[in-house]
Amino acid sequence: MLCQHCQKNEANMHMKRIINGSATEVHLCSDCARSLGYGDSFSGFGLGFSDLFRDLLGKGERTLSGNALRCSLCGKSFDDIVESGRVGCAECYSTFYDKLLPTLRKIHGKTTHQGKVPSAFENSHKTQQSKVEKLKADLKKAVEKEDFETAAKLRDEINYIVNGGAAK
Amino acid sequence: MSAKWYLGTGVQNDVVISTSIHLVRNLSDFPFPHMLSLQDKLKVNTIIKNATDSLDNYNFNYLEMKTLSQYEVVSLAERHLVSPEFASSRDGRALLITEDEAVSVMLNEEDHIRFQVMYAAFSLDEAYRTANEIDNCLSDKLNFAFDDRIGYLTQDPTIIGTGMKASVVLHLPGLAAAMQIPKLISTVQKLGLTLRGSYGEGAAAKGDMFQLSNSITLGISEKAAIENLKSITLQIAAQERSAREEILKSNVTEDKIFRAYGTLKYARLLDTDEFMDLMSLVRLGAVKGIIKMDTAKIEGMMINMQPATISLSVDRPLDRNGRDALRAKRVREMLEM
Ligand SMILES: [Zn+2]
Ligand SMILES: [Zn+2]
């Protein structure tokens with residue numbers, strides 16, 4: 001389907017809009033959607049963002065092994081997420097963390113949460129952050145001393161925590 | 001019946017019409033709504049509804065979307081109380097809403113919980129304080145999906161992190177007349193914000209009403225996002241004021257304002273687009289003291305004269321001509337008051 005504004009690009013955003021008293025679907029390419037200022041209160045891109053997410057995910061992130069791993073809560077594989085352009089549940093973010101991270105970086109420019117932490121997570125969040133800080137300092141020292149064996153161990157430990165090994 | 005939120009007034013009200021905070025939250029034990037059966041959606045609704053019972057300061061009405069008529073649902077979207085997406089498919093969705101419509105909670109839209117807090121005028125701190133208080137209470141009762149690394153987990157990856165969108169609605173007749181809006185849209189994008197028409201987008205933006213919100217939610221705290229929005233809002237408001245001075249130097253604008261007022265006062269048919277354009281001029285005249293009119297009344301009219309909302313007021317579907325006639329009648333009555 002072509003973008004209904006420029007009639008040139010493929011329409012990859014399909015958004016519901018209220019026009020003259022009824023809900024209507026609008027089909028636009030992402031360039032036009034952006035320049036026309038489409039979006040809604042909840043998301044900069046607007047709902048129906050899924051095509052764009054799919055496009056972002058599809059670029060190089062899809063792997064042959066993508067089907068082997070499935071999310072334990074919703075059952076989606078990474079290919080399912082790419083196919084539908086939608087993450088199935090919160091657990092998907094842990095299961096496919098490495099594969100989703102580049103897309104989150106493309107959208108937000110950053111990948112580390114700043115700001116509010118729900119009270120249930122406050123303690124684990126703080127201890128974990130300070131633990132990672134300490135490990136990073138140790139790692140730096142080990143590298144300076146050219147103690148690469150210790151450095152490798154520390155790096156593994158940091159990756160383990162950062163990638164959710166010690167989370168929850 | 002308590003007074004609606006938009007009847008309030010406040011600072012920067014000549015340019016800033018309203019403020020809202022939107023927060024997105026999900027329950028960690030359930031997949032996102034598009035993966036849920038109808039039965040599970042209803043279960044999620046009940047869990048969240050029960051959690052809101054602990055919010056003593058807020059009296060929510062609970063509405064199952066499928067029990068509402070098409071007009072009622074579209075009217076909720078016209079009044080920005082639910083999203084167009086929410087209005088377009090009703091099964092398994094529910095709304096919690098306070099009497100003054102300042103707080104509304106969409107259940108099972110694209111995420112389990114999407115709620116908003118609205119305030120009149122420029123009130124970002126107050127709106128965030130209220131939203132945060134509600135979030136804290138809910139968070140005591142519910143297990144929210146959260147990850148130490150990437151924050152609150154959402155179906156839509158554009159809002160992951162804080163899950164927060166802060167917005168202000170701006171009235172920009174001066175900048176619109178100076179053809180500055182397209183430039184402004186691209187400028188604010190570079191500053192991590194989005195500007196869009198509040199009633200219709202792009203060339204179809206009605207009434208010179210625009211919504212400005214933060215576009216980034218990961219790697220920026222709620223406070224930083226709100227401070228950024230605040231400072232850009234104040235800059236745009238200042239630009240708008242000088243643009244207004246510029247167009248008001250000529251008596252052509254003054255003439256347009258009085259003509260708009262005259263048309264609103266005597267017209268027998270008013271379609272939505274014309275109504276919005278005229279109201280924009282009248283609002284400009286009112287805040288500049290050119291004509292005497294209460295701005296809260298103007299905001300109320302803009303909200304209540306939208307197509308489905310006006311049909312809803314007579315409880316039956318009206319055709320276009322019927323709507324335009326009723327709108328003109330209501331506007332005449334309002335201006336007599
Ligand atoms: Zn296009
Ligand atoms: Zn999943």
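In what follows, every chain begins at residue 1, and chains take the letters A, B, ... in the order their sequences are listed. Everything quoted here is computed from the prediction, not taken from an experiment.
The shortest side-chain heavy-atom distance between Phe32(B) and Cys92(A) does not fall under the 4.5 Å cut-off. With contacts defined as side-chain heavy-atom distances shorter than 4.5 Å, the pair Pro157(B)/Leu100(A) does not qualify.
Between the CD1 atom of Ile150(B) and the NZ atom of Lys110(A) there is a distance of 16.0 Å, given to the nearest 0.5 Å. If you take CG on Leu153(B) and OH on Tyr93(A), they are separated by 6.5 Å, rounding to the nearest 0.5 Å. Here the OG1-CD1 distance, from Thr111(A) to Ile160(B), works out to 11.0 Å after rounding to the nearest 0.5 Å. In this structure, the separation between CE on Met35(B) and OG on Ser84(A) is 7.5 Å, given to the nearest 0.5 Å. Atom-to-atom distance recorded for Asp148(B):CG and Thr112(A):OG1 is 11.5 Å, nearest 0.5 angstrom. In this structure, NE2 in His108(A) is found 6.5 Å from CD1 in Ile216(B), a value given to the nearest 0.5 Å.
Between Arg86(A) and Asp156(B) there is no salt bridge, since none of the side-chain N atoms of the basic residue sits less than 4.0 Å from a carboxylate O of the acidic one.
Both the backbone and the side chain of Thr217(B) come within contact range of chain A, each with at least one heavy atom under 4.5 Å from a heavy atom of that chain. Contact annotation for Ile220(B): only backbone heavy atoms (N, CA, C, O) come within less than 4.5 Å of a heavy atom of chain A. Contact of Ser28(B) with chain A is made through the backbone alone, with heavy-atom distances under 4.5 Å.
In the displayed structure, Glu149(A) atom CD is contacted under 6.0 Å by at most 12 heavy atoms of other residues, nucleotides or ligands.
Nearest heavy atom pair, residue Tyr128(B) against residue Lys116(A), reads OH-CD, 4.3 Å.
The residue among Leu27(B), Asn132(B), Leu36(B) with the most heavy atom pairs within less than 4.5 Å of chain A is Asn132(B). Highest contact tally toward chain A, considering only Asp273(B), Ile181(B), Thr154(B), is held by Thr154(B) [criterion: heavy-atom pairs under 4.5 Å]. When the candidates Gly109(A), Gly88(A), Cys71(A) are compared by the number of heavy-atom contacts under 4.5 Å with chain B, Gly88(A) comes out ahead. Among the candidates Pro118(A), Ser119(A), Gly75(A), the residue making the largest number of heavy-atom pairs closer than 4.5 Å to chain B is Pro118(A). Put simply, of Asp140(B), Leu193(B), Asp135(B), Asp271(B), the one with the most heavy-atom pairs under 4.5 Å next to chain A is Asp135(B). Your options are Thr272(B), Asn136(B), Asn26(B), Ile310(B), and the one with the most heavy-atom pairs under 4.5 Å with chain A is Asn136(B).
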List the steps and the verdict of side chain to side chain contact (heavy atoms under 4.5 Å, CB included) for Thr162(B) and His113(A). CA-CA 7 Å; Thr162(B) 57; His113(A) 174 56; 4.0 Å; yes

